[in-house]
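What follows is a short report on a single structure.
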Amino acid sequence: MNVLPIRLKMLRKQLKFTQEDVAKRASTTIANISGYESGNQTPSSPMLLRLSNALNCSVDYLFGRSDEPRYSPEQSHELENERPISVHELVERYTILMDDGDALTKEEVAEMLDYIQVRRKMKEKR
């Protein structure tokens with residue numbers, strides 16, 4: 001019996017995540033998450049890793065090889081450094097340095113973000 005779909009859905013609901021939440025955290029689409037949960041699709045190995053990180057569980061748990069869903073506190077701490085963070089959290093938590101060692105000001109970071117948004121909008125229009 002394939003436990004992956006059952007455990008994906010169960011963990012998502014325990015964490016009170018929507019399929020959209022998991023999709024964003026795992027950098028995929030809602031359709032893919034729905035397909036994985038229904039058993040109609042099988043995630044690739046890289047996607048399995050992203051799903052396990054998004055749901056803070058081990059791949060072994062997702063496959064039914066372990067009945068302990070959560071990482072140990074030591075493993076969770078290590079994974080914290082790999083989770084996606086927002087740009088705003090990045091700016092608040094870290095000083096961003098240029099190659100010459102000078103720190104960017106908050107105004108310069110805001111200009112960079114504005115530039116990136118404009119570029120993304122230009123690409124969408126193509």
Side-chain angles (χ1 to χ4, degrees):
M1 178 176 162
N2 186 4
V3 299
L4 178 68
I6 297 164
R7 290 202 167 170
L8 281 173
K9 188 172 188 176
M10 182 183 68
L11 276 172
R12 177 178 62 78
K13 289 186 174 209
Q14 283 176 354
L15 293 167
K16 296 183 171 66
F17 287 164
T18 63
Q19 288 183 340
E20 182 178 13
D21 295 331
V22 176
K24 284 180 182 176
R25 293 172 64 92
S27 301
T28 190
T29 65
I30 297 169
N32 282 341
I33 299 301
S34 177
Y36 304 148
E37 286 185 1
S38 67
N40 293 329
Q41 285 181 260
T42 302
S44 65
S45 295
M47 178 54 65
L48 277 169
L49 289 174
R50 293 199 313 261
L51 288 168
S52 72
N53 285 336
L55 297 168
N56 192 27
C57 69
S58 68
V59 172
D60 282 346
Y61 178 77
L62 291 177
F63 276 121
R65 293 178 44 169
S66 167
D67 289 329
E68 184 58 44
R70 303 286 179 243
Y71 290 110
S72 68
E74 295 83 22
Q75 290 170 311
S76 291
H77 178 70
E78 290 170 15
L79 289 172
E80 179 69 18
N81 295 329
E82 296 179 19
R83 73 172 175 80
I85 61 172
S86 72
V87 172
H88 299 290
E89 185 179 357
L90 175 72
V91 172
E92 291 301 315
R93 286 178 68 181
Y94 300 100
T95 301
I96 301 171
L97 300 176
M98 296 297 289
D99 288 339
D100 62 6
D102 283 344
L104 292 175
T105 65
K106 289 193 180 206
E107 293 78 21
E108 289 171 325
V109 171
E111 286 178 31
M112 279 186 356
L113 296 175
D114 288 343
Y115 174 76
I116 292 168
Q117 287 177 337
V118 167
R119 290 289 309 226
R120 282 185 168 182
K121 287 179 183 175
M122 290 172 57
K123 283 183 181 179
E124 289 174 6
K125 290 180 180 178
R126 291 182 195 169

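What you see is a predicted model, and the numbers here were worked out from it, not measured in a lab.
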Check your understanding: Looking only at atom types and distance, does a side-chain atom of Arg65 sit under 3.5 Å from a main-chain N or O of Asp60, one as donor and one as acceptor?
Key -> no

**Study point:** Main-chain N/O of Thr18 paired to Asp21 side chain as donor or acceptor, under 3.5 Å
**Key:** yes

Review point. Under the side-chain hydrogen bond (donor to acceptor under 3.5 Å, both in side chains) test, which residues partner Glu37, sequence neighbours left out?
Key: Arg12, Gln19

Atom [atom1] in [X], atom [atom2] in [Y]: separation rounded to 0.5 Å?
X	Y	atom1	atom2	value
Arg25	Asn56	CZ	CG	8.0 Å
Leu62	Met10	CG	CE	9.5 Å
Thr28	Tyr36	OG1	OH	4.5 Å
Leu11	Ser52	CG	OG	10.5 Å

Would a hydrophobic clustering, with Ile, Leu, Val, Met, Phe, Trp and Tyr connected at side-chain separations under 4.5 Å, put [X] with [Y]?
X	Y	result
Ile116	Val109	no
Ile30	Phe17	no
Leu49	Leu51	yes

Review point. Do Leu48 and Leu4 touch side chain to side chain, with heavy atoms closer than 4.5 Å?
Key: yes

Practice item. Go through the steps for Asp114 and Gln117 under the test side chain to side chain contact (heavy atoms under 4.5 Å, CB included), then give the verdict. Key: CA-CA 5 Å; Asp114 288 343; Gln117 287 177 337; 4.0 Å; yes

**Study point:** Where Tyr61 and Cys57 come nearest, the two heavy atoms and their spacing
**Key:** CD2-CB, 4.4 Å

Indicate every side-chain donor-acceptor pair of residues 38-46 with a distance under 3.5 Å to a residue at least two apart or in another chain.
from  : atom 1 : to    : atom 2 : distance (Å)
Ser38 : OG     : Ser34 : O      : 3.2
Ser38 : OG     : Gly35 : O      : 3.1
Ser38 : OG     : Asn40 : N      : 3.3
Ser38 : OG     : Asn40 : ND2    : 3.0
Gln41 : NE2    : Asn32 : OD1    : 3.1
Ser44 : OG     : Met47 : N      : 3.2

Practice item. Could you list the residues that satisfy salt bridge (charged side-chain N to carboxylate O under 4.0 Å, His left out) with Lys106, not counting sequence neighbours? Key: Glu92

Check your understanding: Below 4.0 angstrom, N of the basic side chain to O of the carboxylate: do Lys24 and Glu20 qualify?
Key -> yes

